[in-house]
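Every chain is numbered from 1 and lettered A, B, ... according to where its sequence line falls, protein lines coming before strand lines. Note: hydrogens, waters and symmetry copies are ignored here, and every other heavy atom, side chains too, is used.
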Amino acid sequence: MEETQTDAPTDAPAAAPKEAATPVVTDAAGKPRKPHLYLVDGSAYIFRAYHRLPPLTNPHGTPVGAVYGYTTMLWKLAQDLDDAEGPTHLAVILDKASQSFRHDLYPDYKANRPPPPEDLVPQFPLIRDATRAFSLPCIEEEMLEADDLIASYARAATRKGWDVTIVSSDKDLMQLVGRCEEPDDGVEGGCIDMLDTMKNARIDIPEVEEKFGVRPEQLGDVLALMGDAVDNVPGVRGIGPKTASKLINEYGTLEAVLAAAPGMKKSKMQENLIEHADMARLSRELVQLKEDCDLPMPLEEFELDGIPPEPLAEFLSSHGFTSLLKRLGAGAGSPSRPTDLNPAKVVNGSAGAQGTPGAQRQPLPEWPAVDLDAYECVQTVERLDAWIARAHAAHAVAIDTETSSLDAMRAELAGVSLALGPNDACYIPLGHGSDDMFDEKPAQVPMDVAIAKLKPLLEDDAVLKVGQNIKYDINVLARHGIAMAPVEDTMILSFDLDAGRGGGGIGNAHGMDSLAETHLGHTTLTFKDICGTGKKQILFSAVPLDKATRYAAEDADVTWRLWKVLRQRVTDEGAARIYEHVDRPLIPVVAGMEREGIKVDRDRLASLSAEFGGQCDTLEKEIHELAGEPFTVGSPKQLGDILFEKMGYKGGKKGKSGQYSTDQSVLEGLAAQGADLAARVLDWRQLSKLRSTYTEALQQAINPRTGRVHTSYSLVGAQTGRLSSTDPNLQNIPIRSESGRRIREAFVAEDGHVLLSADYSQIELRLAAHMADVPPLKEAFANGEDIHARTAREMYGEVTRDTRAQAKTINFAILYGISRWGLAGRLGVEADEAQAVIDRYFERFPGIQRYIVTTLEKVRETGYSETLFGRKTHFRNINSKNQAERQGSERAAINAPIQGTSADIIKRAMVRMLPALADAGLGPNKDGGGVRMLLQVHDELVFELPEGDVAAASPIIERVMAEAALPSVALDVPLGIDIGSGKSWGEAH
DNA sequence: TTATTCACG
DNA sequence: GACGTACGTGAATAAG
């Protein structure tokens, strides 16, 4: 579609005859042409380009994705010079980052607008560079927004009889579309239209009418009524685009609507119209474009008279835009679009074509209620083909798999549901019917046929697959040979928006049932409703098809709706940076790690189990003897009674349940007083824990099919952004105690392979030193010093065993939000002495105190904390009247930015790791060679690789981890990485 | 189902 | 004057 070649023999995209400027513009054939001014809305463009284009970086590491998009757009426009509709004059208009007269009208104007993403900021000046490289004029004025300059230039040009095209898709500017001017001297008047270069669509009167239902000259009134959340134009509450255009169509103008309001039928809307009439009038002023600005540069200077190739070539090469550079050298040809556009955006632009009118901006009120009877059960190949064809056309499909198990590595596929829009969903049963050969199986498309049909759709780069926890579906489908991509996940969208907010519902805050309730006001069927619970629970494949269709298709339908709602919010609320650049790309990476699994030595676990079990038995007998009676050692209640009632030890503390506490610190206290029984119980507890939680459970966890243990990571498990691990939890395998450490020896590599462990050393303290700006700590890290020793030196002037240990305790206490009592407990001193230690720490490191104060101020005000990469964590109780609750939130809020930034960094490393290894020829291959990433334990990554590849892989792993914050964040401290390898995980440490 | 305890970072 | 004492997790167990 962009193959329109110019026939101009040029070495630049568009080189008009390079002659002295003449008042008459000529076309390629030398015929006079009516001037046509193109006004490019540069600022708006780069925001859109940023969100649509991949995060490219130039050779200097500067992000340039948006600049690249901008450059190709200018190239394309300049190319159109010889087109009858193309530009004869062109200028780029930019917003100057400052106040405008609208802020005087309404101080909150644009107050809601989130700051631009951090990797977009460095691209703003580059936009000017790019414009200059094309030798095009670039206009920006203090106190004026780009829209006003564009309006003023457009009017000035049409008065001269020029045609004008505004290159933008801004709805405010659409007010100008179709404006024509009859100039005084009788020359033919000029008209205004718009061009959306991303959709390659002209916007004229019919397009505006279609979008807003009113003529462009009425649009200002509609915009005033509906308001604008992004610019914070208030509008009238409860009135969206549909209602606004209906009202304007009915009454003609905003003033007429407001005047008629008292006589309208009583309704919430009518009340709002009366109550917010002033807001509507103010909004009208805010959306009014200023058309009489002074023009900083006369129109004539915008004439396109050839683009000198040298500065352009220099610009292109300095940013590594080699394909454009090649075209420039080759003389002609249009710049191509980058191939890997985010399909989500393509879909957003064309959603209206699928019979979901108005499903873009404010979808909620437009959608019909969920209708369980609207869904189709797909039982023939013909119907399956039809759904697949429609999904291809829609470019986005919500998908959900129904299976026999929550464990993706063991689950049997029962069916797949798809949704293309509200109530536009189906269920494709594939494994229904019991195994009883006398039962009649329902008609179904055979599994292998359906898989073969679905595979091209689910692997198509141009079709986005949307799921709720789609990592699960990826892994189920991977076992049927389908590598589903690209994907989006409504659960993760919700997490990146609302972590810590609790979602509103009970239970899993980001689970579908609670999301449907909060965002759609809809109560979904639950799995329990369909399959029952407990002993009577049945497999999904045994559910009758009509019931199964209602449940499964509803899930896909709801997922589709949630996606529309949440995806818009992610863009609007500034969560796109963390979602697009960290969490979304992590999905397939973590899915892959889960499928890899890790080998454990069953025999070794079994013998450890036996050993621990034997020791427990011996201890138990001794304990009963010491107690003078048999009792359940594992019962804290019975143990408490024995110790504090029967044996009369002092120091029993009762909790709120009226029970004595018998936790580790209590038993250690008793043991120190010589209570043998307490000491034995401590040993018993340790061994019993190791046996039941690890040596026994891990044997059960070995997958019979793969012979390995596959954990499941939750990407939304921890409020701070950390992963969590379940079934089994491989993030809490023992290491601190000697007998615990032996369990790690059972995690092993395949023959000829080794396990390699790479972990960030002291990453949270390093981040604290950076974020709180603590020069001595930064210096210590830069020099590779022992950080706790340095802290001791700073605080006490000398480093001894004692002062270092105390410094270490304080360093950690700081990360967790300290209290004098907490520290006193840890240090074994009185609270006032602990307070003195804290004071001393703050005195030596005032940055830390500053960090705590400013972090809490921000959280109290906004309700959330943020990591260096923009991940938000909300704290509902930060202003609670309940002191305990509030202080708990404060401690968590101090910790969250640090723990969360650390989580962001290792996630970024994980996303980059396998591509970096593959680039070095160390990618996984079919015969078990190459490096496989198996586990993540918060600050550690575990790999399995051929013994001979350790030397080649280690420096790459180290570099990717050490540089994971770049280019988005440049830390003041180096990130240290410790690497080790061996036949087992224990050995690798 | 809830509380307690303890494994990890 | 009482509150409850370090952040973030998941699993097993006893007992209601």
Contacts to DNA chain C from residues 831-855 of chain A, heavy-atom cutoff under 4.0 Å, which residues? none
Nearest-Å distance, NZ (A:K637) to C1' (C:dA14)? 11 Å
Would you check if A:R766 and A:I787 make a side-chain contact, meaning some heavy-atom pair closer than 4.5 Å? no
Whole angstroms only, please: what is the CG-P distance between A:L935 and B:dA7? 20 Å
Residue list, ring pair (Phe, Tyr, Trp, His ring centres under 6.0 Å) with A:Y841, at least two apart or on another chain: A:F845
Nearest-angstrom distance from the residue atom CD of A:E890 to P of C:dG4: 16 Å
Using whole Å, what does the distance between atom P of nucleotide B:dG9 and atom CD of A:Q731 come to? 10 Å
Pull out every residue in residues 680-697 of chain A that has a heavy atom closer than 4.0 Å to any atom of DNA chain C, ordered by number, or say none. A:K689, A:S692, A:T693, A:A697
Send over the distance from A:I743 CD1 to C:dA12 C1', rounded to a whole Å. 14 Å
Could you tell me the separation between the CZ atom of A:F612 and the P atom of B:dC6, rounded to a whole number of Å? 17 Å
Taking CZ from A:F631 and P from C:dA14, how many angstroms apart are they, rounded to a whole number? 13 Å
Please state the P separation for the pair B:dT4 and C:dA6 - nearest whole angstrom. 16 Å
Given B:dT4, C:dG4, C:dC7, which nucleotide is nearest the side-chain atoms of A:A884? C:dG4
Just wondering, do A:K858 and A:S865 contact through their side chains at under 4.5 Å, heavy atoms? no
Looking at C:dG8, I'd like to know if its phosphate oxygens (OP1 or OP2) sit under 4.0 Å from a side-chain N or O belonging to A:R722. no
Taking pairing as Watson-Crick or G-U wobble with both contacts under 3.5 Å, can you name the mate of C:dA14, or confirm there isn't one? B:dT2
Would you mind reading off the distance between A:D727 atom CG and C:dT9 atom C1', rounded to a whole angstrom? 14 Å
Any donor-acceptor pair under 3.5 Å between the side chain of A:R736 and the base of B:dG9? yes
Side-chain heavy-atom pair A:M910, A:M933 within 4.5 angstrom cut-off: yes
